[in-house]
Amino acid sequence: MTPPDATQDLLNLLVRQIRFEATGIHSFELSALDHERLPPFTAGSHIDVHLPGGLVRQYSLCNDPGETHRYVIGVLKDLKGRGGSLRVHEALKVGDTVRVSRPRNQFELQPGQTSALLIAGGIGITPLKSMAHSLLQAGTPFELHYCARSSEVAAFTDELVTLNRQAPGSARWHFDNGQIGAGLDLTTRLASQPAGAHLYFCGPPGFMKACAQAAAHWVPGTVHSEHFQAPASTEPAAPTTGATVRLVQTGQELVLPEGGNLLDTLRENGVHVPTSCESGLCGTCKTGYADGEVEHNDFILGDDEKSSCFTPCVSRITSRSITLHL
Ligand code: FES
C-alpha cells in the first residue's frame with residue numbers, strides 16, 4: 001500500500017493520468033504507486049491536495065465511489081483565484097507523486113430519499129457527478145442538471161453521455177452563453193418538491209444564492225449544498241475579546257486576548273485543532289461546543305449541527321464564555 005506520510009497521515013499518490021475535460025478544466029487521476037486499493041470514499045467527498053510550494057487545496061472527488069483504485073479530481077484553471085488551481089495545472093505532471101489527505105465528506109447523499117435532484121454550476125459538477133454514479137448504482141431516481149456558459153467549458157461530456165444511456169434523461173445541460181436568465185430557470189424547476197426528494201447543489205457564489213432562494217420553501221433537511229469558494233466578503237472572524245474558553249478534554253481555561261484569534265490562542269496553549277481551508281468550506285476544524293453562543297460564518301454546517309458545532313476558522317464566539325469539546 002502507498003505509505004502514508006508519517007506525520008500527517010497523508011497518502012503519497014501517483015499522478016497516473018491528466019485529461020483535458022473542457023476548456024480550462026483538466027482531470028487528474030491519482031492512484032497508489034503499487035496499484036493497491038485506496039481508502040474508500042463516498043460521493044461528495046473531497047481530499048486536500050498538498051501542492052509544491054506548500055499550498056494546500058481541497059478538491060472534490062468526481063469519480064464513481066465504487067472505484068477503489070483511483071481518485072479523480074477535476075480542476076478549473078482559475079486565473080482570478082488564489083493560485084491553487086494554477087499551481088495544479090502548471091506543476092503537476094503525469095508520473096509525479098503528490099501528497100493528499102484521506103477523503104472526508106461534508107456533502108453526503110442522504111439515506112432514505114426517494115429521488116435526488118442534482119444541480120451543478122460550472123466546476124461544481126465534480127461532487128455531483130460522483131453522486132450521480134452512486135445514485136445510479138443504488139437505483140435511486142435522479143436528475144443531474146449541469147449549468148455552464150457553453151458546451152466548450154462543460155466537462156466530463158463523455159461520461160455524462162454514458163450516464164444518460166444507462167439512465168435515460170438523467171443528465172441535462174443548460175448553456176446560457178453568458179446571458180443572465182438564459183440558462184436553467186431555477187425558480188420554475190424548484191417550484192415543487194416531489195415527496196421524499198432531496199436537492200443537492202454546488203457552484204459559484206451567485207449560483208449558490210440563486211439555488212438557495214429558489215429552494216427556500218423545500219422541506220427543512222432536504223436541501224444540501226457545498227460551496228467551493230467563499231463569497232468575496234468573507235473574512236475570518238475574530239472571537240469576542242475577553243471571552244473565557246473552557247476546554248473539556250484538557251481542563252484548560254483560556255481568556256481570548258484583545259485582537260486575538262481563537263485558533264492562534266488555542267495553538268499557543270498547545271491545543272491542536274486540525275485546519276485545512278480556513279475559509280469555512282471544508283469542515284476540518286469542526287469543533288463541538290456548549291454553554292455559549294456562536295455566530296456561524298461557515299458554508300457547510302447544517303441547521304441541525306449549528307447548536308452544537310462550529311468552525312473556529314471563520315465563526316465567532318459571541319458570548320462571554322463557552323465550553324469547547326477539545
Ligand atoms: S478549516 Fe475548513 S472549515 Fe475550518
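Computed over heavy atoms, backbone and side chain alike; hydrogens, waters and symmetry mates excluded. For ligands, and for the atoms within them, numbers begin at 1 and follow the listed sequence. Bear in mind that the values here come from a model prediction, so they are computed numbers and not experimental data.
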Of all the atoms in ligand 1, which lie at a distance below 4.0 Å from a heavy atom belonging to Gly280?
3 (S)
Measure Ile300 to ligand 1 on non-hydrogen atoms and call it side chain, backbone, both or neither using the 4.0 Å cut-off.
neither
Using a strict 4.0 Å cut-off to heavy atoms of Cys313, name the atoms of ligand 1 that fall inside it.
1 (S), 3 (S), 4 (Fe)
Glu143, CD atom: more than 12 neighbouring heavy atoms under 6.0 Å
yes
Within less than 2.8 Å of atom 4 (Fe) of ligand 1, any N, O or S from Cys285?
yes
Ligand-side contact atoms (ligand 1) for residue partner Glu278, heavy atom cut-off under 4.0 Å
1 (S), 2 (Fe)
Is a side-chain donor-acceptor pair under 3.5 Å present for Thr318 with Glu295?
no
Using non-hydrogen atoms of the residue, decide whether Asp298 is closer than 4.0 angstrom to ligand 1.
no
Got a sec: does the NZ of Lys209 have more than 12 other heavy atoms crowding it under 6.0 Å?
no
Of the protein's non-hydrogen atoms, which lies at the shortest distance from atom 3 (S) of ligand 1, and what is that distance?
Gly283 N, 3.3 Å
Just by distance, no angles: are the side chains of Arg57 and Ser85 close enough, under 3.5 Å, to form a donor-acceptor pair?
no
Quick one, Glu21 with Ser27, criterion side chain to side chain donor-acceptor pair (under 3.5 Å). Give me CA distance, side-chain angles, the key distance, then yes/no.
CA-CA 6 Å; Glu21 299 289 356; Ser27 65; 2.7 Å; yes
Which ligand 1 atoms, with their elements, are less than 4.0 angstrom from a heavy-atom of Leu281?
3 (S)
Inspect the contact between Asp48 and Arg104 and indicate whether a charged nitrogen and a carboxylate oxygen are less than 4.0 angstrom apart.
yes
